[in-house]
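One structure below.
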Amino acid sequence: MQITRRGVIGGAAIGGALVVAWWALPRNYPNPLTAARGEHVLGAWLKVAEDGVVTVAVPQLEMGQGITTLLPQIVAEELGADWRQIAVEPAAAAAAYPNTKLAERWIGLWDPLAAGLSETSDAVLAERFATSEAFTATADGTSLVAYETPAREAAAAARAVLAMEAAERWGTTWEECEVANGIVSWGDNRATFGELAVGAAEQSPPDPPPLRPEPSSGNLAGNDPDVPDINSPPRIDLPSKVDGSHRFAGDVRLPGMVYAAIRHGPNNGSELTDFDPDGAHGTSGVVGAVRNKRWLAVAATTWWAADRALQAMVPQFKTDFPVNSDDITARLDTLLSSGDSFKIAETGFGEEAMTRVDMARRYEVNAFHAAPVETASAVARYTDGRLELWIASQAPEQARSAAAKAVGLSIEDVALYPMSAGGSFDARLEHDHAIEVAQIAKELERPVQLTWSRREEVIRSRPSAPVYTLIGAQLAGGDEGGQTSGAIDALKLRVATPPSTHEFGKRLFDNLTPWAAIRETTGQKDALALEGAVPAYELPSVTVRHIPVETGYPTGRVRGNAHIASAFGIESFVDEIAEASGREPLSYRMSMLGSDVRLAACLQRAASLAEWGGGQDQSGQGLACYRIGDPETGGRIACVATARRGEGGLRVARLAAAVDIGRIVNLDIARQQIEGGLLFGLGIALGHSPVMRGGLPESFEYADFGLPKLADCPEVIVDFLPSAARTVDPGELGAAVVSPAIANALFSATGLRLRRLPLLSGGL
């Protein structure tokens, strides 16, 4: 159904509930919402029912980051709704919800020829692409920057028409009416949203929508974690997650549904060569098996029966190019020093400014898995040439398209119902399981729930790209052969890593197989794979070069992405220069920040929180700071890690972080994101990276990732600095900064400099 003004007014009269913000959409968009009893759909963002309940559509995947609270909170504050009346509806991908900010950031992945023409052209092309392709992907911390304004405008327009309807009844102007706590009032007159809904649908809203003044920065009265923040409403998804009633893809139940287990080969290029079709005969409940070129699946009345039958069938695979970790290391090691490189970035006086290298160090970051608690799971039903999918996807329209292609349908014949994810860390940007469950459901002609075991998740997931970085510096006074001040005249980084974001883009946007994606991107330069390699410090000259490396193993996106390696290399190197020059690490960093007073404030506050003692005399304190995004609007963080000697060796006892993420929408959720990022980074710093042997990981056990347990978690102190800057996402800041802070703390405690992540893997 197409949305029209006539249809909106007529439908509202029949309905009895109000859906607002239809006017924010181009008139030829299909209606993205479906009416439930007591509702009438008029737009893409809001529904106001006769009982006063305001339902907010959320077009981003809830994967623990709190977006199903943040966007409704923005709507509620702008609308003047009572938080107790707010409900959430996960919105399917639609042209009404384009993530233009992410499309612009990733323009080089979906249209390499268009990337970088100009900021204006990139923005225009991104808007067209995101709208025409219903691109609503949840990634790269773009949820608020992409959706806060549309959500506020929709809520402001809704507030206006509610006030207009009330004003007509009371004989006043709508501007004189107040809207708060779900009630419109004027003098002694009061009316609830539900009472005004039908009439409000017939009002024409002002253009542009009358936005309230932008909320103040941060609501930092709640900065003390022990004092409740009255401006941070409780998370909508929390009660159901606590009592177990929250529904994930693994909780979906359909009539006649069966459960499928699956086996994949050692790597993404393996082929199924043999299996015993009679092996499952002794297992009760088996419904059928589905064979694919690269996998074998069995469906049964329970998942456990399906998995036992699959084991009994003993699937065997052929792998042409089994990869070993030693091979990957050798390629990175060789190419770092001698491989051809592409210039990715150049600032200040440029590459020619470096005439000598006074200090150089090499830093290595191994691959690591996203490792969400929930393994890949999806439900599919194929009937009468139509496919339905229940799945958690960070890129739902791309998953829908891939599933349609896999079973020979047009995308219009596939319906995708978005589910929450039990963690993701970018793992759900991949859609292999959407393809597999669609093929299994079509073959068996009945609803199927596919769940990967932890073994399959480890085999099939794409770890982050390994990164080897060689950093060289020319220091002021170094040519005299004496002690330098440590001031950096020129900095050069050579980074050896696969073109991982282009490889990922070929899978996501072109639906290529992993091996085809590797072949098409081998040797390409990839600026996104080196994000953050230009430091926040104002230096006379910085040059960054990328050395593309084909490791023979697919790579993907993981929380923190390239920022993990960039922060680790740069902040470790800065500490090493400070130590060699006899400079105190905090004041040394402050001297290089130039005009970035926001990052300087973070450094000072983190030092105060941690009672920074200079990092000397085996204090066990290490410092690091980092900025994600451009100098004007990017997020900042500084972190002091404290390491202590104890039973079993060194332990990280405390992490103290000061953060500037601009105006804070919800302080509690912001704190959760920083704390979660710090602990995620702790797992990367002190955990275990996957070791490959013959194309397979040496271990498939979740416990062998070395992720921190409760007993391993340090005291975490997070403080937010008041800021009037634009809101930015805090999700990756903590993950990026913590590894170098811990490495610098270990050096302070022991005098041992570790230059490889994970730190306990060795590599001096």
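One N or O on the side chain of Glu503 and one on the backbone of Thr555 form a donor-acceptor pair closer than 3.5 Å. Thr551 places no side-chain N or O within 3.5 Å of a backbone atom of Ile328 that could act as its donor or acceptor partner. In this structure a side-chain-to-backbone donor-acceptor pair under 3.5 Å is missing from Gln449 to Arg253. Distance alone, capped at 3.5 Å, is enough to place a donor-acceptor pair between the Ser325 side chain and the Met692 backbone. A donor-acceptor pair is defined here as one N or O able to donate and one able to accept, closer than 3.5 Å; such a pair exists between the side chain of Arg400 and the backbone of Ile411. No donor-acceptor pair closer than 3.5 Å links the side chain of Glu531 to the backbone N or O of Ala533. Here the side chain of Trp295 pairs no donor or acceptor atom with the backbone of Gly265 at under 3.5 angstrom. Side chain of Ser464 to main chain of Phe368: a donor-acceptor pair is present (N/O by atom type, distance under 3.5 Å, no hydrogens or angles). In this structure a side-chain-to-backbone donor-acceptor pair under 3.5 Å is present from Tyr702 to Ala371. Put simply, the side chain of Asp140 never gets that close to the backbone of Thr142: no donor and acceptor are under 3.5 Å apart.
The only member of Arg460, Arg507, Arg557 that meets salt bridge (charged side-chain N to carboxylate O under 4.0 Å, His left out) when paired with Glu430 is Arg507. Test Thr319, Val323, Ile459 against Pro266 for side chain to side chain contact (heavy atoms under 4.5 Å, CB included) and you get one pass: Thr319. Only one option out of Leu444, Val448, Leu409, Leu389 pairs with Tyr382 in a side chain to side chain contact (heavy atoms under 4.5 Å, CB included); it is Leu409.
Side-chain atoms of Thr522 and Glu550 form no donor-acceptor pair, as typed in the model, at a separation below 3.5 Å. Counted by atom type alone, Glu698 and His688 present zero donor-acceptor pairs between their side chains at under 3.5 Å. Side-chain contact, Glu133 with Trp110: no donor N or O sits under 3.5 Å from an acceptor N or O.
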Requested in this report: Would you please test Phe504 and Leu528 for side chain to side chain contact (heavy atoms under 4.5 Å, CB included) and show each step?
Outcome: CA-CA 11 Å; Phe504 155 75; Leu528 285 175; over 6 Å; no
Query raised in the report: Going through the distances and angles, do Trp303 and Ser453 end up as a side chain to side chain contact (heavy atoms under 4.5 Å, CB included)?
Result: CA-CA 10 Å; Trp303 186 88; Ser453 66; 4.1 Å; yes
Report task. Report the C-alpha separation of Ser337 and Leu470 in whole Å, then their side-chain angles, then the decisive distance to 0.1 Å, and conclude whether the side chain to side chain contact (heavy atoms under 4.5 Å, CB included) test is met. Result -> CA-CA 8 Å; Ser337 57; Leu470 182 62; 5.8 Å; no
Report task. Could you walk me through whether Trp106 and Phe129 pass ring pair (Phe, Tyr, Trp, His ring centres under 6.0 Å), step by step? Result -> CA-CA 11 Å; Trp106 284 1; Phe129 168 81; over 10 Å; no
Requested in this report: Show your reasoning for whether side chain to side chain contact (heavy atoms under 4.5 Å, CB included) applies to Ser377 and Phe248.
Outcome: CA-CA 9 Å; Ser377 182; Phe248 299 91; over 6 Å; no
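The structure places NE2 of His433 at 12.0 Å from CD1 of Ile440, a figure rounded to the nearest 0.5 Å. Here the CG atom belonging to Leu416 is positioned 12.0 Å from the NE2 atom belonging to His431, to the nearest 0.5 angstrom. Rounded to the nearest 0.5 angstrom, Ile518 CD1 and Trp515 CH2 are separated by 4.5 Å. Distance OG/Ser689 to CD1/Ile684: 11.0 Å, rounded to 0.5 Å. In this structure, CG on Leu102 lies 9.5 Å from OG1 on Thr136, to the nearest 0.5 angstrom. With values rounded to the nearest 0.5 angstrom, Ile391 atom CD1 is found 13.5 Å from Tyr417 atom OH.
The local environment of CD in Glu271 is crowded, with over 12 non-hydrogen atoms from other residues, nucleotides or ligands closer than 6.0 Å.
Annotation for Phe425 and Ala370: closest pair CD1-O, 3.4 Å, computed over non-hydrogen atoms. Considering all non-hydrogen atoms of both residues, Pro499 and Val549 come closest at CD-O, 4.0 Å. Closest approach of Ala249 to Glu374, counting heavy atoms only: N-OE2, 4.3 Å. Taking each heavy atom of Gln673 and Gly64 in turn, the nearest pair found is NE2-O, 4.2 Å. Val379 and Val252 get closest at one heavy-atom pair: CG2-CB, 3.8 Å. Of all non-hydrogen atoms in Leu336 and Ile547, the two that sit nearest each other are O-CD1, 3.5 Å.
When side chains are defined from C-beta on, Val558 does not count as touching Pro463, because their heavy atoms never get closer than 4.5 Å. Residues Leu530 and Val544 meet the side-chain proximity criterion, which asks for heavy atoms closer than 4.5 Å. When side chains are defined from C-beta on, Pro418 does not count as touching Leu61, because their heavy atoms never get closer than 4.5 Å. For the pair Val290 and Gln439, the minimum side-chain heavy-atom distance is 4.5 Å or more. A heavy-atom distance below 4.5 Å is found between the side chains of Arg362 and Asp333. Leu508 places none of its side-chain heavy atoms less than 4.5 Å from the side chain of Leu109. With contacts defined as side-chain heavy-atom distances shorter than 4.5 Å, the pair Arg381/Trp390 qualifies. Taking the side chain as every heavy atom from C-beta outward, Lys525 and His502 never approach each other to under 4.5 Å.
Aromatic ring pairs are classed by plane angle as parallel below 30°, tilted from 30° to 60° and perpendicular above 60°; the pair Trp452 and His264 is perpendicular. Using bins of under 30°, 30° to 60° and over 60° for the plane-to-plane angle, the ring pair Phe135/Phe509 lands in the tilted bin.
A salt bridge links Glu457 with Arg428: the closest approach of a Lys/Arg side-chain nitrogen to an acidic carboxylate oxygen falls below 4.0 angstrom. The pair Glu104-Lys101 fails the salt-bridge criterion, with no side-chain N (NZ, NE, NH1 or NH2) lying under 4.0 Å from an Asp/Glu carboxylate O. Arg545 has no carboxylate O lying under 4.0 Å from a charged side-chain N of Asp340, or vice versa, which leaves the two without a salt bridge. With salt bridges taken as basic N to acidic carboxylate O contacts below 4.0 Å, none links Asp704 and Arg454.
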